[in-house]
J.: 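Following this message is one structure expressed as structure tokens.
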2 protein chains.
Amino acid sequence: MVEKSNIDVVERRRGSGVKLVYDILRDEILDLKLAPGSPVDEVLLAERFQMSRTPIREALVRLAGEGLIETLPNRSTLVSNIDLLNLNTYFDALVLMYRVTTRLAAQNHKPADLVAIRELHGQYAATVETRDLRDMIAVNAAFHLAIAEAGRNPYFTGLFRRLLDEGRRILRLYYNSYDEQFPQRFVDEHAEIIAAIERRDLDLADHLGKIHGEQIVEQVQRMFVRNQKLDIKL
Amino acid sequence: MVEKSNIDVVERRRGSGVKLVYDILRDEILDLKLAPGSPVDEVLLAERFQMSRTPIREALVRLAGEGLIETLPNRSTLVSNIDLLNLNTYFDALVLMYRVTTRLAAQNHKPADLVAIRELHGQYAATVETRDLRDMIAVNAAFHLAIAEAGRNPYFTGLFRRLLDEGRRILRLYYNSYDEQFPQRFVDEHAEIIAAIERRDLDLADHLGKIHGEQIVEQVQRMFVRNQKLDIKL
DNA sequence: TGCATTTTTCTTGTCGACAAGAAATATTTT
DNA sequence: AAAATATTTCTTGTCGACAAGAAAAATGCA
């Protein structure tokens, strides 16, 4: 009979460790399981993931490249803070990317893209029913990313992905005050956007993307103001 | 008298090695001193820079994060190829960023920004006189980046920087067929852009940015076609 | 000779150990 | 007791060595 050690030393494929650590830490940062400003200790991570500091460090370098962590030379590395003072620059970029990606999707999409988009649209509608915020944020991001992919411009898709990631953190900040009525409206707007893309109506797609983006922005700003009034520390 | 070794073992500040390697390799890639597709050997680089593979690797991970090199797992790492088939998506993104950054600069600039922009404008005019293409490309990029900085949206600035970097590589491909008449026109257009920014005329700045971007695109496309006719391998 | 298989080589991926830098703590000096 | 200085501690940065994986070369076999 094979003896099973109580410490799981998992056999990993060479090279997979970095991706594992990167993916997990990235999710934990974006879901605010790791609070902004909290320290990221290489030695602790090495113990936690049962590997040496080298692959841990590589994952951290990648995360730093995306701005998710910050490295203070010779001292420590921290989870990046969310810059709430410059939220407007974030919103500017987000709305423009909503417009551009939706417009390009109307222009460049192929039939297979619409299948994928509709699939995610259905998933989003389902998560709205369950009222699970984490799923809603994730599926909504995936839905809009699928539209961006259909637009076939990797430069825009890349920036959009980063903006949606940052949005995961921002939305999570407002978890409690999340207004439960607006998701249904978003489902309808998503449907309109899909229709415009399918009809290849570039200007309408652009316009709907703009409205949709601006409504999300407005919603977040309202939550922001309300939280400030409630004196919630950010 | 102090004896000087013929091997320069330079005393470096701890942590500076990565930045050194990163900066040099980045420049060499963007100036096409390292040809797209050519191998990047960690051991060779370690010997060249007189340091161990660890900091070399960290620099390479960062370059990979920006898409400048590609890593084939367990095998080799290469300088990324320039995707000439999808040039149009590149141009789409570039023109939009020209527009957006110029518009935002008109909206958000402060007096100090204009000083910096004008300084680079002067430098650009000077490099046009010398007809040194490498300087022209670099200073032109710096000029437009300064405008982007004045727009104060780091998301746009980041994407724009990457696009201008990629442009360094693309322009260098066409070095020989570079048309010597258009730089002077660009100097004049730069002056118009500065004036629009100073007047805070958002729509005009946007429009001029668009025209300027499209003219660069047109120029590159013309060179592209001419090179294809001449049967130059790309 | 032509093809499959084994061996070698070459490059990357991972490790454990040590050094350097900065902050925190302890010590000395006035 | 307060300030300056020395020491310790803690985390990151770098190193040299070795292992793993894949391609290339060499070998064996029909």
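All chains are named by letter (A, B, ...) in the order of the sequence lines, taking the proteins before the strands, and each is independently numbered beginning at 1. Quantities reported herein were computed from a predicted structural model and do not represent experimental measurements.
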J.: What is the separation between atom CD on B:Gln50 and atom C1' on D:dC15, rounded to the nearest whole Å?
T.: 14 Å

J.: Of all the nucleotides listed (D:dA23, C:dT14, D:dT12), which has the minimum atom distance to the side chain of A:Thr77?
T.: D:dT12

J.: Would you mind telling me which of C:dG16, D:dA17, D:dT14 lies closest to the side-chain atoms of B:Arg53?
T.: D:dA17

J.: Going by the side-chain contact (heavy atoms from CB on, under 4.5 Å) test, name the single residue among A:Ile137, A:Leu87, A:Leu94 that passes it with A:Ile170.
T.: A:Leu87

J.: The criterion is salt bridge (Lys or Arg N to Asp or Glu O under 4.0 Å); which residues satisfy it with B:Glu47, sequence neighbours excluded?
T.: none

J.: Salt bridge (charged side-chain N to carboxylate O under 4.0 Å, His left out): which pairs involve residues 74-100 of chain A, sequence neighbours left out?
T.: A:Arg99-A:Asp206

J.: Quick check on D:dT14: is either OP1 or OP2 less than 4.0 Å from any side-chain nitrogen or oxygen of B:Ser52?
T.: no

J.: Near DNA chain D, which residues from residues 34-45 of chain A have a heavy atom under 4.0 Å away?
T.: A:Val40, A:Asp41, A:Glu42, A:Val43

J.: Sorted by first residue and then second, give each ring-ring contact (aromatic ring centres under 6.0 Å, His included) pair with at least one member in residues 42-88 of chain A; sequence neighbours left out.
T.: none

J.: Tell me: CZ of A:Arg12 to C1' of D:dA20, nearest whole Å?
T.: 15 Å

J.: Under the salt bridge (charged side-chain N to carboxylate O under 4.0 Å, His left out) criterion, do B:Arg62 and B:Glu66 qualify, and how do the steps go?
T.: CA-CA 7 Å; B:Arg62 287 218 251 155; B:Glu66 295 178 37; over 6 Å; no

J.: For DNA chain D, determine which residues of residues 67-74 of chain A have any heavy atom closer than 4.0 angstrom to one of its atoms, and list them numerically.
T.: A:Asn74

J.: Whole Å only: how far is the CD atom of A:Glu47 from the C1' atom of D:dT11?
T.: 13 Å

J.: Closer to the 5' end of DNA chain C via nearest nucleotide, is it B:Arg75 or A:Thr54?
T.: B:Arg75

J.: Any protein N or O atoms within reach of nucleotides 6-8 of chain C? Criterion: under 3.5 Å, listing atom names and distances.
T.:
none

J.: Using whole Å, what does the distance between atom P of nucleotide D:dC15 and atom CE of B:Met51 come to?
T.: 7 Å

J.: Round to a whole Å and report the spacing from CG of A:Leu20 to P of C:dT14.
T.: 11 Å

J.: Does any pair with a residue in residues 66-111 of chain B pass ring-ring contact (aromatic ring centres under 6.0 Å, His included), and if so which ones, sequence neighbours excluded?
T.: A:Tyr155-B:Tyr90, B:Tyr98-B:His144, B:Tyr98-B:Phe160, B:Tyr98-B:His212

J.: Scan for salt bridge (charged side-chain N to carboxylate O under 4.0 Å, His left out) pairs involving residues 115-125 of chain B, sequence neighbours excluded, and state none if there are none.
T.: B:Arg118-B:Glu198

J.: For A:Arg162, check salt bridge (Lys or Arg N to Asp or Glu O under 4.0 Å) against everything at least two apart and list the hits.
T.: none

J.: Quick one: side chain to side chain contact (heavy atoms under 4.5 Å, CB included) partners of A:Glu70, sequence neighbours excluded?
T.: A:Ser80

J.: Can you list everything that forms a side chain to side chain contact (heavy atoms under 4.5 Å, CB included) with A:Thr157? Sequence neighbours excluded, please.
T.: A:Leu145, A:Ala148, A:Glu149

J.: Does anything in residues 26-44 of chain B pair up under side chain to side chain donor-acceptor pair (under 3.5 Å), and if so which pairs, sequence neighbours excluded?
T.: B:Arg26-B:Asp165, B:Asp27-B:Arg168, B:Glu28-B:Arg48, B:Asp31-B:Arg168, B:Glu42-B:Arg53, B:Glu42-B:Arg57

J.: Rounded to whole angstroms, how far apart are CZ on B:Phe49 and C1' on D:dT14?
T.: 16 Å

J.: Measure across B:Ala64 and B:Thr71 and return the closest heavy-atom pair with its distance rounded to 0.1 Å.
T.: CB-OG1, 4.5 Å

J.: Take the protein atom CD of A:Glu58 and the nucleotide atom P of C:dT12, then report the distance between them rounded to whole Å.
T.: 12 Å

J.: Quick one: which of D:dG16, C:dT12, C:dT14 gets closest to the side chain of A:Arg14?
T.: C:dT12

